[in-house]
Amino acid sequence: MNINLTLKIWRQANQDAPGKFVDYPVENISTEASFLEMMDILNEELVAKGEEPVAFDHDCREGICGMCSLFINGRPHGPDDSITTCQLHMRKFKDGETIVIEPWRAKPFPVIKDLMVDRTAFDEIIQAGGYVNINTGGVPDANAIPIRKENADLAMDAASCIGCGACVAACKNASAMLFVSAKVSQFTLLPQGKVEAHERVENMVAKMDELGFGNCTNTYACEAECPKDISITNIARMNREFLCAKVS
Amino acid sequence: MTKLDSKIPKGPLAEKWTNYKAKQNLVNPANKRKVDVIVVGTGLAGGAAAASLGELGFNVKVFCIQDSPRRAHSIAAQGGINAAKNYPNDGDSVYRLFYDTVKGGDYRAREANVYRLAEVSNNIIDQCVAQGVPFAREYGGLLDNRSFGGALVSRTFYARGQTGQQLLLGAYSALSKEVNKGSVEMYTRREMMDVVLVDGRARGIIVRNLVTGELERHGAHAVVLATGGYGNVFFLSTNAMTSNGSAAWKAYKKGAYFGNPCFVQIHPTCIPVHGDYQSKLTLMSESLRNDGRIWVPKKKEDAERIQAGTLKPTEIAEEDRDYYLERRYPAFGNLVPRDVASRAAKERCDEGHGVGSTGLAVYLDFKDAIERLGKHVIEARYGNLFQMYEKIVDENPYETPMMIYPAIHYSMGGIWVDYELQTTIPGLFAGGEANFSDHGANRLGASALMQGLSDGYFVLPYTLQNYLADQINVPHFETDGEAFDAVENEVQGTIDKLFAVNGKQTVDSFHKRLGLIMWDHVGMARNKEGLEKAIKDIITLRKEFWTDVKVPGEKTGMNVELEKALRLADYLELGELMARDALDRNESCGGHFREEYRTEEGEAMRDDENFTYVSAWEYMGEDTPAKLHKEPLIYENIEVKQRNYKTA
Ligand SMILES: Cc1cc2nc3c(=O)[nH]c(=O)nc-3n(C[C@H](O)[C@H](O)[C@H](O)COP(=O)(O)OP(=O)(O)OC[C@H]3O[C@@H](n4cnc5c(N)ncnc54)[C@H](O)[C@@H]3O)c2cc1C
Ligand code: FES
């Protein structure tokens, strides 16, 4: 089936320029197409007319790199649950619909152009402590330390975070708690990460605050919008770790 | 002229790497600070190399196109990573992994490199576990393994269907640690435009800042390219959208030889093409072949009715299904190597047994596995892949078989490197998918991650030192010299020229046309006539591109169309070299299937007498054909045989 749509897209030339919504009609879009393929079609039409295409981030188009980042009809990654924008398909939309497309809106993620934002703040948080402090070589055999399957699985759940920033975009306080707690949890659950658990949580939380991310007020919007279903139990686990670190 | 010297160390195969390390030159800790290294790429190869070099004390600058090093294309790898741990006690060993890799590559890879790869494979798993990579485990708490194509043992470690993600996040964490320590400087949203040579050595790069559009200069004592593969020359592939061949191509044009450009891998299990607006193809991990069975309808009438939408696969009786891989290759069954599985699917579809609305698809069926193991087991193993499939195709693979078809996936070919992973340009190294080194004419599943991390963690940090040992007195590089001026001007010239064309056709429209030429003639089945036509067509298309492409927008600031145009300009040249290489190789081997050279049973027919070599192409200038150098492949430890997957 093919549908016609009106796209209301945020256009902004660069970080300092003012932005505005511009309407673009698109016609004959197959419902089998992905959302980003629909954006490609629009951009091809714009370029053919000599206009500048809409800039948006994307790369793997498989829901794993975390590069795509659109706020569609008021929801990060659009109207479908548990997926990224690049996995969203046009069968989720109706003929004649108007779709509002915006960038992530959060102070620590400034707009670079149109729908692209700068998420280096996330890298900075990881650099503050999101790792196990070991060097290449000289490590024990991989099976030297058995790990309870249940813990390994929970660590994997937390490690599935793709760092897209939807949690921050969804949160009215622009809190990065879900992102940070996922990384903290992964390491807390594994013996390899336990050694530096206290320093890690303190350093990462301090960096998060310094970069201007807001507080968590338990609205659970982050969990609801996370394309990878990262659970807010991670936040509880991180808070526990944080308290332990403070009292020890 | 550079002579091809593979620098394979002397001595018995199993001792070569140990001996090399024992005798190589090293840089003392205090001197490492005096030495700068540039690493381009933050995938498994680049990320691991940059982190490890930083740990050693070198000043490292690392570059990537994405907004974060964590988003390199390696993140998308699903199925797993091989290692010769032999934890399952099923008879694996370093030698067996080495043997399987050489055989899987159809005897077109270098013995010494592959042996080293198998040797360090175990260190990789240890390293990743120590970093906190949450590999799958069994109830007893030890690591779990699964099987991949081309092997009779279970040696593949995995983290659900997200192994690449977890390994890359491991390398990214190591990299982040070094950034925090100040030994590594990270440059994101930067694209390398060219390499700069000073007195014949690689001494720096020109990059484009993708946010501001400015060209920047960076100098160093050595440059490592870990820029991934060039599968996107086909437009549609499983590679990420920004995966490109440009860095490798620029190195080639500056004097690095290009190895085996025609060796690309076509992966048998991808979601079939569905429309002309499609931007990329999605892989369904090879691990699915552990439990899924591949089949097409035995009767053409059934296939036709399925194509017309009047028959469902679940309505076809067991005896009317042709499990063609199990039929043709009883020993390996659904787990034959990728090239074999891909060709067999094409053969069935060409004969009219294909399914889906286009007839260009085969079934991958989990019915038996679900009956045998229960839905929950299948869900635990492949849940995220099934979900991905359902989101794209809108069908539930627990209830109806998946549809799959081969697609371009990986480039075995790449920049030619010696045993030290050094290119023919002194000081320029290449690791990961960007080099040609370890997979011969066909890569086995779960071996690219192994190679990327082997190169990055365990090979480059050693071999670079051997090169850098006599560079410690060379001062930090100034980038205001003539050499940098000249290359930057060249780059600026290309950008100006692209804008000046001001034609009518979009970049993607050209890229799609190139992709079609490549797929039709330089894809799964090749022949002399088709390859000659491809070369002519690519040359014509390239001319048309340079007279009618439209690049809108400005030179400054973010300009995605310009980025794409620059990458495509290189693909329009690389595609031609791939076709020339395929034309030169009058044999079938691995992923390179020449229709003229096949056995009576339709299997690939190698010509060992005349083609047991690596083709290394030298750039000779704009209008002169590239020159072919041959690196002979010598097998001292393996008997070269016709690959046989019919009997064990
Ligand atoms: C969908 C999919 C699934 C796969 N699954 C598996 C699997 O299960 N097992 C397995 O072993 N292999 C698998 N592979 C193959 C494997 O993932 C890749 O071969 C491997 O990850 C490549 O790693 P790399 O480090 O060489 O390059 P990449 O990960 O591709 O990284 C390239 C890096 O170079 C940068 N770069 C490129 N060009 C430039 C430039 N000009 N300037 C600056 N930076 C540049 C990029 O930004 C990026 O950081 C899979 C591949 C795909 C596509
Ligand atoms: S483009 Fe990679 S997650 Fe969407």
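Per chain, numbering begins at 1; letters A, B, ... match sequence-line order.
Residue A:Leu88: no heavy atom, backbone or side chain, is found under 4.5 Å from chain B. Looking at A:Asn43, there are no atoms closer than 4.5 Å to chain B (heavy atoms on both sides), in backbone or side chain. Using a 4.5 Å cut-off between heavy atoms, B:Leu281 contacts chain A through its backbone alone, with no side-chain atom that close. For B:Gln66, the parts sitting under 4.5 Å from any heavy atom of chain A are the backbone and the side chain alike. Both the backbone and the side chain of A:Glu32 come within contact range of chain B, judged by heavy atoms closer than 4.5 Å. Looking at B:Val393, the atoms closer than 4.5 Å to chain A (heavy atoms on both sides) all sit in the backbone: N, CA, C or O. For chain A, no part of B:Asn123 is nearby; none of its heavy atoms comes within less than 4.5 Å. No part of B:His73 comes within reach of chain A, as not one of its non-hydrogen atoms sits under 4.5 angstrom from that chain. Heavy atoms closer than 4.5 Å to chain B are found in the backbone of A:Val117, but not in its side chain. B:Phe157 does not touch chain A: none of its heavy atoms, backbone or side chain, sits under 4.5 Å away. Contacts between A:Asp229 and chain B at a heavy-atom distance below 4.5 Å are absent for every atom of the residue. Using a 4.5 Å cut-off between heavy atoms, B:Ser52 contacts chain A through both its backbone and its side chain. Only the side chain of B:Glu561 has a heavy atom closer than 4.5 Å to any heavy atom of chain A. Within the 4.5 angstrom heavy-atom criterion, only side-chain atoms of A:Leu190, from C-beta onward, approach chain B. Heavy atoms closer than 4.5 Å to chain A are found in the side chain of B:Gln165, but not in its backbone. Using a 4.5 Å cut-off between heavy atoms, B:Leu169 contacts chain A through its side chain alone, with no backbone atom that close. Residue contact with chain A, scored on non-hydrogen atoms closer than 4.5 Å, involves the backbone and the side chain of B:Asp394 alike. With a threshold of 4.5 angstrom between heavy atoms, B:Gln387 approaches chain A through side-chain atoms but not through N, CA, C or O. Only the side chain of A:Ile83 has a heavy atom closer than 4.5 Å to any heavy atom of chain B.
Taking CD1 from B:Ile124 and OG1 from A:Thr136, the interatomic distance works out to 11.0 Å, rounded to the nearest 0.5 Å. Separating the SG atom in A:Cys60 from the CG atom in B:Leu283 is a distance of 12.0 Å, to the nearest 0.5 Å. Distance OH/B:Tyr277 to CE/A:Met38: 12.5 Å, rounded to 0.5 Å. Rounded to the nearest 0.5 angstrom, B:Ser279 OG and A:Leu36 CG are separated by 7.5 Å. For the atom pair SG of A:Cys65 and CG of B:Leu168, the computed distance is 10.5 Å after rounding to the nearest 0.5 Å. Remark: B:Thr506 OG1 to A:Asp40 CG distance equals 10.5 Å, nearest 0.5 Å.
Between chain A and the residues B:Asn384, B:Ile75, B:Val507, B:Val133, the largest count of heavy-atom pairs under 4.5 Å involves B:Ile75. Per-residue counts of heavy-atom pairs under 4.5 Å with chain B were compared for A:Asn14, A:Ile112, A:Leu189; the largest is that of A:Ile112. In terms of heavy-atom pairs under 4.5 angstrom with chain A, the leader among B:Met186, B:Lys181, B:Glu178, B:Glu138 is B:Glu138. Chain B forms the most heavy-atom pairs under 4.5 Å with one residue out of A:Ser30, A:Ala55, A:Gly50, and that residue is A:Ser30. In terms of non-hydrogen atom pairs under 4.5 Å with chain B, the most contact-rich of A:Gly66, A:Gly130, A:Ala152 is A:Gly66. Taking A:Gly193, A:Gly137, A:Ala48, A:Pro191 one by one and counting their heavy-atom pairs under 4.5 Å with chain B, the maximum is reached by A:Gly137. Of all the listed residues (B:Lys550, B:Gln166, B:Gln278), the one sharing the greatest number of non-hydrogen pairs under 4.5 Å with chain A is B:Gln166. Taking B:Phe458, B:Tyr87, B:Tyr139 one by one and counting their heavy-atom pairs under 4.5 Å with chain A, the maximum is reached by B:Tyr87. Chain B forms more heavy-atom pairs under 4.5 Å with one residue of A:Glu52, A:Glu37, A:Glu150, A:Gln192 than with any other, namely A:Glu37. Contact count against chain B (heavy-atom pairs under 4.5 Å) is highest for A:Met67 among A:Gln87, A:Gln15, A:Met67, A:His58.
Atom CD of B:Glu554 has 12 or fewer heavy atoms from other residues, nucleotides or ligands within 6.0 Å. In the displayed structure, A:Arg148 atom CZ is contacted under 6.0 Å by at most 12 heavy atoms of other residues, nucleotides or ligands. No more than 12 heavy-atom neighbours from other residues, nucleotides or ligands sit within 6.0 angstrom of NZ on A:Lys92. More than 12 heavy-atom neighbours from other residues, nucleotides or ligands sit within 6.0 angstrom of NZ on A:Lys194.
Summarising the geometry of B:Arg70 relative to A:Gly163, their closest heavy-atom pair is NH2-N, 3.4 Å, with the distance given to 0.1 Å. Between B:Arg160 and A:Ser160 the shortest heavy-atom distance is NH1-OG, 4.4 Å. Residues B:Pro552 and A:Glu51 share a closest heavy-atom pair of CB-O, 3.8 Å. Taking all atoms of both residues into account, the shortest heavy-atom contact from A:Phe122 to B:Tyr172 is O-OH, 4.4 Å.
Distance alone, capped at 3.5 Å, is enough to place a donor-acceptor pair between the B:Asp126 side chain and the A:Ala142 backbone. Without hydrogens or angle criteria, A:Asn143 side chain to B:Leu143 main chain gives a donor-acceptor distance under 3.5 Å. In this structure, A:Glu62 contributes its side chain and B:Thr282 its backbone to no donor-acceptor pair below 3.5 Å. Formation of a donor-acceptor pair under 3.5 Å by the A:Lys113 side chain with backbone atoms of B:Met558 is found in this model.
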Apply the test side-chain contact (heavy atoms from CB on, under 4.5 Å) to residues B:Asp67 and A:Thr120: give CA-CA distance (whole Å), side-chain angles for both, the deciding distance (0.1 Å), then the verdict.
-> CA-CA 7 Å; B:Asp67 69 339; A:Thr120 35; 5.9 Å; no
Could you walk me through whether B:Lys85 and A:Asp141 pass the salt bridge (charged side-chain N to carboxylate O under 4.0 Å, His left out) check?
-> CA-CA 10 Å; B:Lys85 283 283 194 185; A:Asp141 183 86; 2.9 Å; yes
Verdict with supporting geometry, A:Ile134 and B:Gln127, side-chain contact (heavy atoms from CB on, under 4.5 Å) | CA-CA 9 Å; A:Ile134 50 144; B:Gln127 188 66 34; 3.8 Å; yes
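For A:Arg119 and B:Ser68, the side-chain atoms include no donor-acceptor pair closer than 3.5 Å.
The residues B:Lys280 and A:Asp59 are annotated as not salt-bridged, no charged nitrogen and carboxylate oxygen being separated by less than 4.0 angstrom. Between B:Lys391 and A:Asp80, at least one side-chain nitrogen of the basic residue sits less than 4.0 Å from a carboxylate oxygen of the acidic one, meeting the salt-bridge criterion. Between B:Arg71 and A:Asp123 there is no salt bridge, since none of the side-chain N atoms of the basic residue sits less than 4.0 Å from a carboxylate O of the acidic one.
In this structure, B:Val211 and A:Met116 have side chains that are not in contact, with every pair of non-hydrogen atoms separated by 4.5 Å or more.
For the pair B:Lys177 and A:Tyr131, the cation-pi criterion (under 6.0 Å, within 45° of the ring axis) is not fulfilled.
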